[in-house]
Protein chains: 2
Amino acid sequence: MSTADGLLDAAERMIREGGYHGFSFRDLAVAVGIRSASVHHHFPTKAALVVALAERCADRFMDTVAGSAPGPARLAAYRAAFRQSLGGGGMCLFGVLGAEAGGLPVPVVDAAGRFFRRAIAHLAEGLGETPAEGERRALAELARIEGAIILARTLRDPELYDVAAESSGVTGLV
Amino acid sequence: MSTADGLLDAAERMIREGGYHGFSFRDLAVAVGIRSASVHHHFPTKAALVVALAERCADRFMDTVAGSAPGPARLAAYRAAFRQSLGGGGMCLFGVLGAEAGGLPVPVVDAAGRFFRRAIAHLAEGLGETPAEGERRALAELARIEGAIILARTLRDPELYDVAAESSGVTGLV
DNA sequence: GTCTATAATTTGATAGAC
DNA sequence: GTCTATCAAATTATAGAC
């Protein structure tokens, strides 16, 4: 694995744990066994690193759910994919960045926004009677998932994710 | 208004904008017109200040929704109360703190957790056929609301909050 | 209750040798 | 691609005068 990939891996772990301001270039350097100045050789600034990470993360996520059939099956695939964020109690990368948006470099917030638009458009397919209805449902389900991660994390009980994001009694969708 | 209240007001604005690490004691001092060292006279540490803020914020929120009748009316009251967070595009205080949880002082995360437990217990009343069902629904609706704020904020469109949190076509609840 | 002064640490980033 | 050395700025916090 390349050093750049190792740096992105470490950054992903740390951002999901404590947010954009929850890690430093020195932390990354220690994690991969180089010096903090060398990190700048791979990514010129912290903002550039996080934008690159967001793009890698978005691509991987969309690859994961790409094979799912439109409609309820795809929604289930999304729920399962986001559920992995909770491995170790971490947030969804885009959820943290969105929550901290006001204190972040604009390109970073834009990257998070691009992911959400992409996910909404994809999840919306076949989710409603009309395209507009599908989009509304996709938006609502994504919101529920992001919020479920926050609640499960804050209340320190990963099982709450399933209750909050998947209990069919609430949406009547699945 | 006391200086302490002014400091909490400023901190609330800044945390909702950029998170726990999105402001400093100097920022607060400038906002209320004193020096950064004087802030420590009112709150010994940053963590203590945010815990005090979380408690004030939780009390105010519960006061706001206290008069609502159990069931769907109370849910509507919750949605409206959280909606105010979006005034100016800010996050819900507890939502940001929960998202950044891994990088925060434990007492701060605990304070956020206490609010969510309190809100869930209160919102659950009359929301389901059984107490357990009410709790599940309360959890799911709170998740939807928190996620809706994140999405509306990240996509820079406050109207998306209503679509994500309140579209009745999704939950069939209201 | 507010001030000045300052300590101790951390941060993101740069210059230039190897 | 990694290093040493370093910078300027910001951070939380403390001591003690007024």
Side-chain angles (χ1 to χ4, degrees), chain A residues 1-54 56 93 96-97 100-112, chain B residues 1-54 56 96-97 100-111:
Chain A
M1 181 183 55
S2 74
T3 303
D5 282 336
L7 288 168
L8 291 182
D9 289 346
E12 183 173 343
R13 247 182 294 118
M14 294 175 188
I15 294 181
R16 283 187 162 163
E17 187 62 19
Y20 184 89
H21 301 288
F23 78 101
S24 70
F25 268 36
R26 267 169 185 79
D27 295 328
L28 296 184
V30 168
V32 306
I34 60 177
R35 296 294 194 159
S36 117
S38 304
V39 178
H40 289 275
H41 172 75
H42 301 279
F43 303 97
T45 65
K46 190 177 184 181
L49 183 147
V50 176
V51 168
L53 171 61
R56 190 187 75 161
L93 181 77
V96 218
L97 296 180
E100 293 179 307
L104 265 39
V106 175
V108 172
V109 183
D110 288 345
Chain B
M1 182 183 56
S2 74
T3 304
D5 282 335
L7 288 169
L8 291 182
D9 289 345
E12 182 172 343
R13 246 182 295 119
M14 294 174 189
I15 294 181
R16 283 187 163 163
E17 186 62 20
Y20 184 89
H21 302 287
F23 78 101
S24 71
F25 269 36
R26 265 173 186 77
D27 295 328
L28 296 184
V30 168
V32 306
I34 60 177
R35 297 292 196 159
S36 117
S38 304
V39 179
H40 289 274
H41 172 75
H42 301 278
F43 303 97
T45 64
K46 189 176 184 179
L49 183 147
V50 176
V51 167
L53 171 61
R56 190 187 75 162
V96 218
L97 296 180
E100 293 179 307
L104 263 39
V106 174
V108 172
V109 183
D110 288 345

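Looking at heavy-atom distances under 4.0 Å, A/F43 makes no contact with the nucleic acid at all. Base engagement by B/S38 is indicated by at least one non-hydrogen atom pair under 4.0 Å involving a base atom.
Listed pair A/R26 / C/dT10 fails the phosphate criterion, with no side-chain N or O lying under 4.0 Å from OP1 or OP2. In this model, the phosphate group of C/dT10 is not approached by any side-chain N or O of A/S24 to a distance below 4.0 Å at OP1 or OP2.
Closest-nucleotide positions on DNA chain D for B/F23 and A/G33 were compared, and the one nearer the 5' end corresponds to A/G33.
Proximity note for A/H41 (side chain, C-beta onward) versus D/dG1, D/dT11, D/dT4: the nearest is D/dG1. Among C/dG12, C/dT11, C/dT4, the nucleotide with an atom closest to any side-chain atom of B/R35 is C/dT4. Checked against C/dT14, D/dT2, D/dA13, the side chain of A/H42 finds its nearest nucleotide in D/dT2. With distances taken from any side-chain atom of A/I34 to the nucleotides C/dT2, D/dT2, C/dT11, the minimum falls on D/dT2. Minimum atom distance to the side chain of A/T3 is reached by D/dT2, of the listed C/dT4, D/dT2, D/dA5.
For the atom pair CD of B/E17 and CD of B/E12, the computed distance is 12.5 Å after rounding to the nearest 0.5 Å. Between B/R16 atom CZ and B/L97 atom CG the span is 10.0 Å, to the nearest 0.5 Å.
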